[in-house]
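For the numbers below, each heavy atom of this structure counts, side chains included, while hydrogens, waters and symmetry mates do not.
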Amino acid sequence: MTFSVSFNGVDLSELVNGFTSIERNFGSTWTNNLGTAGISRYGQEFINNYSGAKTITVTFVKKGLPKEMYPLREKIARILDVSEPAPLIFDDEPDKVWYAVPDQLPTFSEDPSTLKSTGTISFLVPSGYAVSTFTQKLNAENSGGANGKITVNEDQSIDILINNQGTLPAFPTFKFTHQSDNASITVGGENGVLALGSQEQTLIGSKTTETKKVESQWLLNPSKIGQKDNFNGHFMTANDVQNPQNGQLLTAGNLVWKKDGLRFQDGGPMPPKGTVYLCMGAMQQWAIPADKVGDVGSANFTSTFNIWAQATKMGQTGLLQVLFVDGNKKLMCGMGIYKDDTKGNTFKTQLYIGGHHPRTFKTFGPKGQELNNGGHGDGKVPNPNLYFNEKTGYFTIQKKGPVFNFTFGNRGGNYPITIPELAYTKCMKVYIYEGQLWNRNNTTHKITNLSVRMFNFQKNDVTKTIEQTIDATRYIPADLHHFGKGEKVVINMDSGKVYRKEGATIAVDEVINGSEPFSVPVGKNTVRCIFGEGAVAPDIEVTWKERYL
C-alpha cells in the first residue's frame, strides 16, 4: 500500500511511485534568548524562549521515460502554487492537518539511464503546529465522557471540565442558550477571564453626580419561532398606510397567520383602471410600546426576525419586507426579499436605509443567492439559498446611534452603514409588508413559502434613574434583562469574536473592559461560568480543535 501525502486537496501519492523519506522532526525550531554574558559568574541568565515555524520535507521517486516527466513537473508546480498556507495531511496522521506553504526550491532529479527520478519538496508551516481535522464537542448529551463534564452548581454557576488531548493549549468556542433573562456572562479559567454584558458598578474613592444609567429591555421577545402568539395582539392591520419604502407597493390586501408564520393572503381590490403599480399587497404594523419608565420609541435597538423563503416551482414571484419607521412614518431602515423572475428561480435580498437620501443601499443576487427548496441543497437546483430557510432564516438589524448594522444569521455577512442625521431619531413602528407583482396571479404564481415566523425587539436605551437614597458615588446596578430568555450568545476564544441574537449578530462591544479571550491548557482543566443575579443556568455547548507540536 502506497503511503499517502495530500497537499492542497491533492493526493501526491497518486502522481508518484512512492515516498522514500519524510522529515517531520520533533516539534519546531526552538530559540532561546539569554542575558548578556559575564553578568553572572556561571553561565547566562535565561530570559525566554519560543518555538518558530516548522519545516517538513518529503522525498519521492517516480519511474518512467523522460518524456513522461515534464507533465509531472508541470502538475506538481501547479499544485504547489498557493498564495497562503494550504492543508498538508499525512497517511499515518489523518486526524491532523498542517497548514503549510512550499519553501525554497522543490527539486526534481531525473536519471535517464535508470528511468528513475527523485524529487524533494520542503514545506514551511508558519504556525509551527498541526490542527485536528475534526472539532471536539462537549454539551449536556455527552457530559461525563472523554471530552469532559458540565456541572451546574446550586448557585446556578457552571463548572466545565474540558479535556484537551492535544499537546498545545486550545481556544474553545462557548455557546450559551439562555433559560432566563440574564445580566452578564463571566467565563474564567486558568489562563484568563472574559466577561460580557452588564455588571454592577462600584465606584471606589471617586465622586460623581450621575444618577441615570442606560439599560436594555425586551419589548417583544417570543420564546419560539412559528408561534401564532408572536404576532396576535402585537402586529395590527395597516392597509390604509402607504408603504414607507416605496409608494408603488399597494397595501389594501390582507396578511394572515397561516401554517407557521405571517403570510400573504390577497392583494385587495384592484385599483382604478389605467393605473399601474409595482405590487399589490398588504401590511401590518407593530407600534413600539412604552418601556418600563414610560418612554415610547427607541433610538438604539436590536431586532432579530426569522424568515422562511422557499419557491417550489419555477417562476413564482413575490415580495416580503420588514421596515422600521420613525414617528412620521418615514423609513429608517429595513430589508426585503424580492423575486421578480417569472421564469426561473432567482431572487434578490435588499437592504434599505432612510435619512436625507432614502435608498436601497445593498442588493444581493441574483447570481450569488438562489431562492430554491428552502436552502436545503437537495441537488435539484444549483446554489441553494442558505440564508432564508425553515431552519436558519435569521436576520438582525441593529441601530446604535448613527450606525445601522445588518447581519445575516446563518453564514454570516455583516453590513454596517452610518447615517448621521438618524443618530437620535427614534424608531416608533415596525411594518411587515408582503405582496405579489402587478398582474400576477395571487394563487398560482405566489411563492409557496414566504413568511415571517418570529420577530423580537430589544430596546437598548432605557433610562434607569438611580434613587437619591442610594449612594450614587458607590453603586450603579446591573441590567438584569440584558440578555433575553432563549437568546444565544457565542464566544469564540480563538478569533476573539462575540455574537448575540441566535449567535448571529457580531457584538464584540459586549466585552467588559479588562477581560480578554483565553486558552485552555493541555489536559483536564476546569472553566467556571458565572451569570447575573437571579439568572437560571443556561444550556452550554463547548467546541474546540486540538493542536499538536
Counting distance only, does the side-chain N/O of [X] pair as donor-acceptor with the main-chain N or O of [Y] below 3.5 Å?
{"X": "Ser122", "Y": "Asp103", "answer": "no"}
{"X": "Ser180", "Y": "Val536", "answer": "yes"}
{"X": "Lys362", "Y": "Thr349", "answer": "no"}
{"X": "Ser515", "Y": "Ala195", "answer": "yes"}
{"X": "Asn182", "Y": "Ala535", "answer": "no"}
{"X": "Lys62", "Y": "Leu15", "answer": "yes"}
{"X": "Asn139", "Y": "Asn142", "answer": "yes"}
{"X": "Lys54", "Y": "Gly27", "answer": "yes"}
{"X": "Gln350", "Y": "Thr363", "answer": "no"}
{"X": "His482", "Y": "Gly197", "answer": "no"}

query: Is the shortest side-chain N to carboxylate O distance from Arg528 to Asp159 below 4.0 Å?
result: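 Salt bridge present between Arg528 and Asp159.
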message: Taking the basic N atoms (NZ, or NE/NH1/NH2) and the acidic carboxylate oxygens, is any pair closer than 4.0 Å for Asp509 and Arg500?
response: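 Salt bridge flag = no for Arg500 with Asp509.
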- prompt: Got a sec: does the CD of Gln179 have more than 12 other heavy atoms crowding it under 6.0 Å?
  reply: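 More than 12 heavy atoms, drawn from other residues, nucleotides or ligands, come within 6.0 Å of this atom.
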Over 12 non-hydrogen atoms of neighbours within 6.0 angstrom of NZ in Lys497: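 No.
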With a 4.5 Å limit on heavy-atom distance, are the side chains of [X] and [Y] in contact?
{"X": "Ile353", "Y": "Phe406", "value": "yes"}
{"X": "Phe531", "Y": "Phe483", "value": "no"}
{"X": "Trp308", "Y": "Leu450", "value": "no"}
{"X": "Leu196", "Y": "Val511", "value": "yes"}
{"X": "Ile337", "Y": "Ile307", "value": "yes"}
{"X": "Asn405", "Y": "Ile397", "value": "no"}
{"X": "Asn32", "Y": "Phe46", "value": "yes"}

message: Tell me which pairs pass side chain to side chain donor-acceptor pair (under 3.5 Å) where either residue lies in residues 516-525, with sequence neighbours left out.
response: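 For residues 516-525: Asn191-Ser519.
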query: Which residue pairs pass the side chain to side chain donor-acceptor pair (under 3.5 Å) test when at least one of the two sits in residues 63-76, sequence neighbours left out?
result: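 Side chain to side chain donor-acceptor pair (under 3.5 Å) check on residues 63-76 returns Arg73-Glu110.
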- request: Could you list the residues that satisfy side-chain hydrogen bond (donor to acceptor under 3.5 Å, both in side chains) with Ser13, not counting sequence neighbours?
  value: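 Asp11.
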task: Please report the C-alpha distance between Asn460 and Thr302 in whole Å, then the side-chain angles of each, then the deciding distance to 0.1 Å, and finally whether the side chain to side chain donor-acceptor pair (under 3.5 Å) criterion is met.
output: CA-CA 7 Å; Asn460 297 327; Thr302 304; 3.0 Å; yes
Heavy-atom closest contact (Asp92 atom, Pro94 atom, distance):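 For Asp92 and Pro94, the tightest heavy-atom pair comes out as C-CD, 3.4 Å.
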task: Would you please classify the geometry between the Phe455 ring and the Phe305 ring as parallel, tilted or perpendicular, with 30° and 60° separating the classes?
output: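 Aromatic pair Phe305/Phe455 classed parallel.
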task: In sequence, state the C-alpha distance, the side-chain angles, and the governing distance for Val58 and Thr120, and then conclude on side chain to side chain contact (heavy atoms under 4.5 Å, CB included).
output: CA-CA 6 Å; Val58 299; Thr120 299; over 6 Å; no
task: Determine whether the aromatic ring centres of Tyr415 and Phe361 lie less than 6.0 Å apart.
output: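 Here the rings of Phe361 and Tyr415 have centres that are no less than 6.0 Å from each other.
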message: With side chain to side chain donor-acceptor pair (under 3.5 Å) as the test, pick out the partner of Thr396 among Asn456, Thr407, Thr304.
response: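 It is Thr304; the other options fail the test.
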For residues 164-172, which side-chain N or O atoms pair as donor and acceptor with protein atoms under 3.5 Å away, sequence neighbours left out?
{"residue": "Asn164", "atom": "OD1", "partner": "Gly166", "partner atom": "N", "Å": "3.1"}
{"residue": "Asn164", "atom": "ND2", "partner": "Leu168", "partner atom": "O", "Å": "3.0"}
{"residue": "Asn164", "atom": "ND2", "partner": "Val520", "partner atom": "O", "Å": "3.4"}
{"residue": "Asn164", "atom": "ND2", "partner": "Pro521", "partner atom": "O", "Å": "3.3"}
{"residue": "Thr167", "atom": "OG1", "partner": "Leu549", "partner atom": "N", "Å": "2.8"}

message: Under a 3.5 Å cutoff, is there a donor and acceptor pairing between the side chains of Asn147 and Asn163?
response: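 No pair is found: no donor N or O on one side chain lies under 3.5 Å from an acceptor on the other.
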message: My understanding is that only residues two or more places apart in sequence, or in another chain, count here; which of them pass ring pair (Phe, Tyr, Trp, His ring centres under 6.0 Å) with Phe123?
response: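 Residues passing ring pair (Phe, Tyr, Trp, His ring centres under 6.0 Å) with Phe123: Phe7.
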Ring pair (Phe, Tyr, Trp, His ring centres under 6.0 Å) partners for His481, two or more places apart: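 Counting only residues at least two positions away or on another chain, His481 forms no ring pair (Phe, Tyr, Trp, His ring centres under 6.0 Å).
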